Amino acid sequence: MEHVSPELPPDRCPGLLRPHHAADGALVRLRAPGGRPPGRALGRLSAASQMFADGDVHLTSRGNLQVRGISVDEHGNVAAGLTDAIVAAGLLPSASHERVRNVVASPLSGLAGGVADIRPLIGALDTALCAEPALAELPGRFLFGLDDGRGDVAGLRCDLAAVAVDAGTMRIVIGEMNGPTVASSQVVDTLIGLALRFVRMRGTLWHVRQLPGHGTELGGLNPAPELPPYAMPYGVLENAVSALVPLGILTPGMASALPDDGVIITPWRGVVLPQGADISALSAAGFVVSDDSAWPRVTACTGSPGCSLARGDTRALARRTVASGTAADRLHIVGCERACGAPHSPHNLVFASRSTSHRSST
Ligand code: SF4
């Protein structure tokens, strides 16, 4: 069963060292395992985007960061000044593993709720991942998850996840299957060992769930139950402030409203601030700090002008939809049938076109 395919399809997930060339310029994606960028990195990235790109920092559904609208030279290269600024911000700790450091982790762990504090596992997993040369061959789409028992990250279709059962043990989830329960001290070694086995057996597959046995090949024991959609809370919480970033677009004004250190990026395109914050100032800068807003129910793909396939401006339609107060259901607004970035939970697709829009349920 375990073999390496000689003909792996190209992995087009972008990184700093391999930009994606979009209709609005080049795009680089920067990994922040667990949504934890290094101290001061967000502010430095925002400054670099204002100098070399569209000016914003874009948050992804994996808690990563993107800069887009980057000017390129006649050879398609981004400015050396941008690369230097990103490296100086600590956002490229491993050139060989930059595109595989995809780790989502419960953003509120240790701050509000959950049955365990999984924060120490984030850095330990990232360090172990980068120390294993063979794991540079993981697909860029491969996703690790660390869930503190509240079921937020476990619902994100991770390839390999550890979900806290209590303060000292975690259940390993392998693709779509529940695996063994191990001591928390064994979680990192277990996940790394499973990832190495997947690299050897994956052939042309991107995800563990695509294996014929959906994960039984790696020790999956029984189907993991489907979890209800997680609703990220916003506002002042137990030991943190939580704020949503509409459409994941962190403008210069929003970036400057954040503290220098300790900002946690959530997989729901928001931020958690463990040191607290002035809610009024965040709201004035453009953050959403209340569960009453329609923004948690409305997302959009890139659309035009950033995507050459788009038939309309998805983000403008999203803003109009929220402003109109008509977003009662979960909506994902797209510019074509590819439906990039559609949530895993039930939703209605809204197709933006140059003059109109229409819906379909998924
Ligand atoms: S759904 Fe279509 S228009 Fe939107 S980003 Fe994907 S390819 Fe582009």
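Just so you know, ligand 1 is whichever comes first in the structure, and atom 1 is the first atom listed for that ligand. Just so you know, these numbers come straight off a predicted model, no measurement behind them. When a residue number appears, it is its place in the shown sequence, counting from 1.
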Can you list the ligand 1 atoms lying under 4.0 Å from a non-hydrogen atom of [X]?
| X | result |
| --- | --- |
| R338 | 7 (S) |
| G335 | 3 (S), 4 (Fe) |
| C307 | 3 (S), 5 (S), 7 (S), 8 (Fe) |
| C340 | 1 (S), 5 (S), 6 (Fe), 7 (S) |

Check: N239 side chain, L111 main-chain N or O, donor-acceptor pair, under 3.5 Å: yes
Side-chain donor/acceptor of R150 to backbone N/O of G113, under 3.5 Å: yes
Heavy-atom check, side chain of R202 versus side chain of P139, under 4.5 Å: yes
Test item: T251 and Q50 side chains (from C-beta on) under 4.5 Å apart, heavy atoms: no
Smallest separation among heavy atoms of G140 and D11, with atom names: N-OD2, 2.5 Å
Residue portion contacting ligand 1 (non-hydrogen atoms closer than 4.0 Å) for A339: backbone
Region of C336 engaging ligand 1 - heavy atom pairs below 4.0 Å: both
Validation row, ring centre Y230 to ring centre W268 under 6.0 Å: yes
Selection from G306, A310, A342 by shortest heavy-atom distance to atom 3 (S) of ligand 1: A310
Atom 6 (Fe) of ligand 1 reached by C301 (N, O or S, under 2.8 Å): no
